[in-house]
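Working notes, structure below.
For the single chain, residues carry numbers from 1 onward in sequence order.
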Amino acid sequence: MTPEMKIRRHGYHLMSLASLGIVAAAAIGLFLALLVFCGGAMPFGNWVLFDLPMDEATRLGTGDRGLLALALVLGTLAYILPLAAVHRVGKALHGCDALSAPVAAAFMRLAHSLPASLLLSVAGACMAAWVRSSHDAWQLRITVSTDPYHFLVACLCLYSVAHLLRLAVRAADDARGIV
């Protein structure tokens with residue numbers, strides 16, 4: 001198999017993995033948001049959403065449940081945005097040269113999607129904290145999290161770049177052998 005075909009296959013695999021992640025994140029996030037908004041009980045176990053047990057969240061007023069559901073949607077978008085950027089990287093690799101402007105632009109969009117994802121997460125957490133503070137005493141809690149999701153996205157990107165560089169070296173060696 002030629003290095004170009006391996007790069008195209010790698011792009012296809014990135015698109016597939018990212019699509020699977022997008023569908024899973026959207027399904028879970030929207031399911032939880034609808035459950036909170038409708039005030040339904042959790043069918044399997046008691047989950048904690050933004051430091052608020054699910055049974056407490058379903059007993060909130062309609063407006064507060066709506067804000068909490070919106071916070072969940074923002075959190076879901078925070079997960080989907082980098083995955084959509086990874087999908088774009090895979091699409092660019094599948095359809096273009098590895099060393100091309102569309103691939104570079106896709107990697108740049110991926111780099112921009114991680115801070116945007118962080119902003120969406122913070123906005124959702126602030127909205128949920130506002131809902132929580134209207135019923136309890138205000139608490140400021142600062143935590144340091146090693147979010148495995150962002151670590152996974154970063155590792156996937158590093159793996160992708162390393163794989164592309166390895167294939168580029170092989171292609172360069174092949175080109176030198178021809179000349």
Side-chain angles (χ1 to χ4, degrees), residues 1-38 40-52 54 57 68-125 127-128 143 145-168 170-171:
M1 182 181 288
T2 65
E4 292 82 15
M5 289 304 296
K6 288 182 180 180
I7 291 171
R8 286 178 53 90
R9 186 178 66 179
H10 180 69
Y12 179 78
H13 289 198
L14 278 179
M15 285 191 304
S16 300
L17 288 172
S19 297
L20 183 65
I22 288 169
V23 169
I28 292 170
L30 294 178
F31 172 73
L32 287 175
L34 283 173
L35 233 111
V36 167
F37 185 70
C38 295
M42 193 66 185
F44 29 81
N46 192 17
W47 288 27
V48 177
L49 307 170
F50 301 109
D51 291 333
L52 189 67
M54 187 70 163
L68 197 58
L70 184 60
L72 284 167
V73 168
L74 286 175
T76 300
L77 286 175
Y79 278 94
I80 290 174
L81 188 64
L83 287 173
V86 168
H87 187 275
R88 274 189 237 120
V89 168
K91 188 174 183 179
L93 290 173
H94 185 68
C96 302
D97 248 355
L99 301 174
S100 65
V103 173
F107 271 105
M108 185 61 72
R109 280 190 217 110
L110 177 60
H112 293 322
S113 72
L114 291 176
S117 171
L118 177 68
L119 290 175
L120 285 171
S121 294
V122 168
M127 193 175 295
T143 59
S145 173
T146 56
D147 193 0
Y149 169 73
H150 288 101
F151 176 73
L152 178 65
V153 168
C155 284
L156 189 59
C157 293
L158 289 174
Y159 167 75
S160 179
V161 170
H163 185 70
L164 289 174
L165 288 176
R166 190 171 49 233
L167 291 174
R170 277 192 216 147

- Distance-minimising heavy-atom pair for Ala78 and Ser121: CB-OG, 3.3 Å

For residues 9-16, tabulate all N or O donor-acceptor pairs below 3.5 Å that involve a side-chain atom, not counting sequence neighbours.
from  : atom 1 : to     : atom 2 : distance (Å)
His10 : NE2    : Ser160 : OG     : 3.1
Ser16 : OG     : Tyr12  : O      : 3.0

- State, to 0.1 Å, how close Ala18 and Leu83 come at their nearest heavy-atom pair, and which atoms those are. CB-O, 3.4 Å

- Task: Apply side-chain contact (heavy atoms from CB on, under 4.5 Å) to Val36 and Leu72, showing your working.
- Result: CA-CA 9 Å; Val36 167; Leu72 284 167; 3.8 Å; yes

- Query: Do you know which two heavy atoms are closest between Leu81 and Ser117, and how far apart they sit?
  - Reply: CD2-N, 4.0 Å

- To the nearest 0.5 angstrom, please state how far the CG atom of Leu70 sits from the CZ atom of Phe37. 10.5 Å

- Message: To the nearest 0.5 Å, what is the distance between CD1 on Ile28 and OH on Tyr79?
- Response: 10.0 Å

- Query: Is there side-chain contact between Arg8 and Leu93, with at least one heavy-atom pair below 4.5 Å?
  - Reply: no

- In terms of heavy-atom contacts, Ala92 and Pro102 come closest through CB-O, 3.8 Å

- Ala71 versus Met127, closest heavy-atom pair with distance: N-SD, 3.9 Å

- Quick one: closest heavy-atom pair of Gly29 and Thr76, and the distance? CA-OG1, 3.1 Å

- Can you list the residues that meet the side-chain contact (heavy atoms from CB on, under 4.5 Å) rule with Val23, with sequence neighbours excluded? none

In a table with atom names and distances, give each donor-acceptor pair under 3.5 Å that connects a side chain of residues 107-116 to protein atoms at least two apart or in another chain.
from   : atom 1 : to     : atom 2 : distance (Å)
Ser113 : OG     : Leu110 : O      : 2.8

